[in-house]
Colleague: 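This is the structure I want to talk about, given as structure tokens.
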Amino acid sequence: MPDVIDTLAGIAPGSSLDAIRAQRPQARIHAQATYDSLFTPLSEADVPRLERFALACFVAGLHGRREMEAFYGSGLAAAGASAALQAAIGAAVTAARGEGPYGHYPKGPLSAEDKAGPVHHIAGPTRAVLGSRLSAAFEHTHMLVFHPRDSAPPYLQALLDAGWSTTGIVVISQLVAFLSYQIRVVAGLRVLNARPA
């Protein structure tokens, strides 16, 4: 399989950016291995591929990365997502976008950086298409992306109540963390790629 970060950043074999990435082979190998393990897992018992790509589309959309939304959208379609589900994910992204990060630190010096912000809830019509399981996952994902300081046990309980296993909840967190990393790396590489040599 082609290197996903190279594909998303438009890095051609033999280019100057290819040479730069080649200077850190372990970082390249591990990033690709993480992608492979998350999107072509040995077991889909807790989180099917369709849900993994749905979450990836949602995260990419929250970050405003259209090229990555399109990339993961192709994976979503290949995983069997209906047109209605794809449209519902798009609607969820549009409704959930924000500026962030929001949240509150424990009382102390960092409290000066507290910033209030919306806690997102999936709207009824969109929820009807996504189902309770993906809706809960999207709401939790929004919390991780925009309210990382506010994560608390009640938010995890909402996932359990929606039918997520503890392993599935770990996978959600892994997907969000990996995509946040991948999005930033790709954004930086695309900026470099757009500059004259």
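Because only heavy atoms are used, hydrogens play no part in the values below, and waters and symmetry mates are left out as well, while side chains stay in. Here the structure is a predicted model, which is why all the values come from computation and not from measurement.
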Colleague: Hey, does the side chain of Thr126 reach the backbone of Ile122 with a donor-acceptor pair shorter than 3.5 angstrom?
Modeller: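 Here the side-chain-to-backbone pair does not exist.
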Colleague: Find out whether Ile20 and Leu17 are in side-chain contact, i.e. whether some heavy atom of one side chain is under 4.5 Å from a heavy atom of the other.
Modeller: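 Yes, close enough: below the 4.5 Å cut-off.
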Colleague: Go through the steps for Leu156 and His140 under the test side-chain contact (heavy atoms from CB on, under 4.5 Å), then give the verdict.
Modeller: CA-CA 8 Å; Leu156 298 176; His140 186 71; 3.7 Å; yes
Colleague: Please find the pair of heavy atoms, one from Ala56 and one from Leu179, that lie closest to each other, and give the distance.
Modeller: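 Closest pair (atom of Ala56, atom of Leu179, distance): CA-CD1, 3.5 Å.
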Colleague: How close do Ser111 and Lys107 get, heavy atom to heavy atom, and via which atoms?
Modeller: OG-CA, 3.4 Å
Colleague: Are the side chains of Val186 and Arg190 in touch, meaning some heavy atoms are under 4.5 Å apart?
Modeller: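 With C-beta onward as the side chain, the pair touches.
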Colleague: Kindly indicate whether the side chain of Cys57, heavy atoms from C-beta on, has any atom under 4.5 Å from the side chain of Val93.
Modeller: no
Colleague: So, do Leu85 and Leu130 sit near enough that their side-chain heavy atoms are less than 4.5 Å apart?
Modeller: yes
Colleague: Keeping the roles fixed (side chain from Thr7, backbone from Asp3), state whether a donor-acceptor pair exists under 3.5 Å.
Modeller: yes
Colleague: Would the distance check show the side chain of Glu69 and the main-chain N or O of Ala60 forming a donor-acceptor pair, the cut-off being under 3.5 Å?
Modeller: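 No; zero donor-acceptor contacts below 3.5 Å.
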Colleague: Would you mind reporting whether Leu8 and Val185 have side-chain heavy atoms less than 4.5 Å apart?
Modeller: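 Heavy-atom side-chain distance check fails, nothing below 4.5 Å.
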Colleague: OG/Ser37 to CD/Gln32 distance, rounded to the nearest 0.5 angstrom?
Modeller: 10.0 Å
Colleague: Counting N and O atoms only, with roles assigned by atom type, does the side chain of Arg52 sit under 3.5 Å from a partner on the main chain of Leu38, one being a donor and the other an acceptor?
Modeller: yes
Colleague: Is the backbone N or O of Ala9 less than 3.5 Å from a side-chain atom of Asn193, with the two atoms forming a donor-acceptor pair by type?
Modeller: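 Yes: the side chain of Asn193 pairs with the backbone of Ala9.
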Colleague: Quick check: closest heavy atoms across Ala54 and Leu76, and the distance to 0.1 Å?
Modeller: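 In terms of heavy atoms, the two residues are closest at N-CD1, 3.7 Å.
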Colleague: For Ile183, does its backbone N or O pair with a side-chain atom of His63 as donor and acceptor, under 3.5 Å?
Modeller: no
Colleague: Hey, is CD on Glu99 packed in by over 12 heavy atoms from elsewhere, all under 6.0 Å?
Modeller: no
Colleague: Taking the side chain as everything from C-beta on, heavy atoms only, tell me whether His120 gets closer than 4.5 Å to Arg97.
Modeller: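 His120 vs Arg97: side chains apart.
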Colleague: Look only at the side chain of Arg65 and the backbone of Gly61, and say whether a donor-acceptor pair between them is shorter than 3.5 Å.
Modeller: no
Colleague: Tell me, do Leu55 and Tyr72 make a side-chain contact under 4.5 Å, heavy atoms counted?
Modeller: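 With C-beta onward as the side chain, the pair stays apart.
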Colleague: Can any side-chain N or O of Arg49 pair as donor or acceptor with the backbone N or O of Gly80 at less than 3.5 Å?
Modeller: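 Such a contact is absent between Arg49 side chain and Gly80 backbone.
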Colleague: Do Gln182 and Val4 have side chains that get closer than 4.5 Å, going by heavy atoms?
Modeller: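 Touching, per the 4.5 Å side-chain cut-off.
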Colleague: Would Arg28 and Asp18 satisfy salt bridge (Lys or Arg N to Asp or Glu O under 4.0 Å), going step by step from the backbone distance to the final call?
Modeller: CA-CA 11 Å; Arg28 198 176 211 171; Asp18 182 43; 2.6 Å; yes
Colleague: Could you tell me if the ring centre of Tyr102 sits under 6.0 Å from that of His147?
Modeller: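 Distance test on ring centres: under 6.0 Å, yes.
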